[in-house]
Amino acid sequence: QVQLVESGGGLVQSGGSLRLSCAASGMIFRINTMGWYRQAPGKQRELVAGITSGGSTNYADSVKGRFTISRDNAKNTVYLQMNSLKPEDTAVYYCGLKFNLPGKEYNYWGQGTQVTVSS
C-alpha cells in the first residue's frame, strides 16, 4: 500500500513560517504529481500547490509569493515552505499523490496535519 505521512504542522503567529513535509512510501510510479491541499471547516478542499516529478509547479493565487513547494524525487518527499502566514491559512493540510497507469488513475492522501495561524 502507498502511504503518505505529513509532518510539520502546528500553531504559529500571523506573519510566521512553517515547513511541511510529506514522505511517500510504497509502490509509486516515478512519473507522478504530488501536492498540498487544505480544508477548513465548512469550506471546500482546495489545491494549495502542486509539483510534478519533472519539477513543474503551480500555486493557488492566494499563496503565490508566500509559499514554495519542492520535492526530492529520490526520497519521494514533498515540502511546503509557508512564509508570511495569515489567519486565513488556518486549515488541515493534506498531502496528495497521483499517477496514471494505462486505463487507471491512482490517487493517495495523507492523514492531514493541522496548521493554525493566530491573529
Side-chain angles (χ1 to χ4, degrees):
Q1 292 270 62
V2 172
Q3 300 284 328
L4 302 176
V5 180
E6 301 110 330
S7 62
L11 174 65
V12 66
Q13 293 184 349
S14 181
S17 298
L18 286 172
R19 182 176 173 86
L20 305 183
S21 298
C22 172
S25 61
M27 299 295 289
I28 303 167
F29 186 52
R30 64 183 180 88
I31 302 174
N32 59 69
T33 298
M34 300 184 74
W36 292 95
Y37 299 75
R38 67 187 181 188
Q39 188 167 26
K43 298 180 67 177
Q44 298 272 19
R45 183 172 62 184
E46 64 175 345
L47 174 68
V48 178
I51 184 167
T52 70
S53 49
S56 298
T57 61
N58 66 289
Y59 297 89
D61 288 341
S62 60
V63 307
K64 286 181 179 177
R66 299 188 297 122
F67 292 8
T68 302
I69 190 169
S70 61
R71 64 184 289 165
D72 185 333
N73 290 343
K75 297 180 180 179
N76 285 321
T77 300
V78 64
Y79 308 92
L80 186 68
Q81 179 67 45
M82 304 185 294
N83 298 326
S84 301
L85 283 161
K86 305 174 181 179
E88 51 262 46
D89 295 317
T90 296
V92 177
Y93 284 69
Y94 296 91
C95 178
L97 166 69
K98 71 160 52 177
F99 57 86
N100 295 308
L101 294 176
K104 196 170 184 178
E105 180 181 271
Y106 296 83
N107 291 275
Y108 301 94
W109 297 96
Q111 294 290 332
T113 185
Q114 178 71 46
V115 171
T116 302
V117 184
S118 62
S119 60

- Residue pair Asn100, Ile31: steps toward the side chain to side chain contact (heavy atoms under 4.5 Å, CB included) verdict: CA-CA 8 Å; Asn100 295 308; Ile31 302 174; over 6 Å; no
What's the spacing between [X] [atom1] and [Y] [atom2] if we round to 0.5 Å?
X: Ser56; Y: Ile51; atom1: OG; atom2: CD1; result: 8.0 Å
X: Thr116; Y: Gln13; atom1: OG1; atom2: CD; result: 13.0 Å
X: Ser25; Y: Lys75; atom1: OG; atom2: NZ; result: 14.5 Å
X: Arg19; Y: Asn83; atom1: CZ; atom2: CG; result: 10.0 Å
X: Lys98; Y: Asn107; atom1: NZ; atom2: CG; result: 5.0 Å
X: Leu80; Y: Phe67; atom1: CG; atom2: CZ; result: 6.0 Å

Same cluster or not: [X] versus [Y], using hydrophobic residues (I, L, V, M, F, W, Y) connected whenever any side-chain heavy atoms lie under 4.5 Å apart?
X: Tyr94; Y: Leu20; answer: no
X: Val12; Y: Trp36; answer: yes
X: Ile28; Y: Leu4; answer: yes
X: Val92; Y: Trp109; answer: yes

- Item | Residue Gln111 excluded, over 12 heavy atoms near CD under 6.0 Å |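 For Gln111, atom CD is not crowded (no more than 12 foreign heavy atoms under 6.0 Å).
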- Would you say Glu105 has more than 12 foreign heavy atoms packed within less than 6.0 Å of its CD?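 Yes - once you tally the heavy atoms of other residues, nucleotides and ligands closer than 6.0 Å, there are more than 12.
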Could you check if a side-chain atom of [X] sits within less than 4.5 angstrom of a side-chain atom of [Y], using non-hydrogen atoms only?
X: Asn58; Y: Leu47; result: yes
X: Gln81; Y: Ser70; result: no
X: Val78; Y: Cys95; result: yes
X: Phe99; Y: Tyr108; result: yes
X: Val115; Y: Thr90; result: no
X: Ile69; Y: Tyr79; result: no
X: Met82; Y: Tyr93; result: yes
X: Tyr59; Y: Thr68; result: yes

Give a yes or no on whether the backbone of [Y] and the side-chain of [X] come within a donor-acceptor separation of less than 3.5 Å.
X: Thr57; Y: Gly50; result: no
X: Tyr106; Y: Leu97; result: no
X: Glu6; Y: Thr113; result: no
X: Ser62; Y: Ala60; result: no

Does the side chain of [X] come under 3.5 Å of the side chain of [Y] through a donor N or O and an acceptor N or O?
X: Arg71; Y: Asn32; value: yes
X: Ser53; Y: Asn73; value: no
X: Arg45; Y: Tyr37; value: no

Might you point out which heavy atoms bring [X] and [Y] nearest each other, and give the distance in Å?
X: Ser14; Y: Ser119; value: CB-CA, 4.3 Å
X: Ala91; Y: Gln114; value: O-NE2, 3.4 Å
X: Arg38; Y: Glu46; value: NE-OE2, 2.7 Å

- Message: Check this for me: does any side-chain nitrogen of one of Asp89 and Lys86 sit under 4.0 Å from a carboxylate oxygen of the other?
- Response: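 A salt bridge is absent here (no side-chain N lies under 4.0 Å from a carboxylate O).
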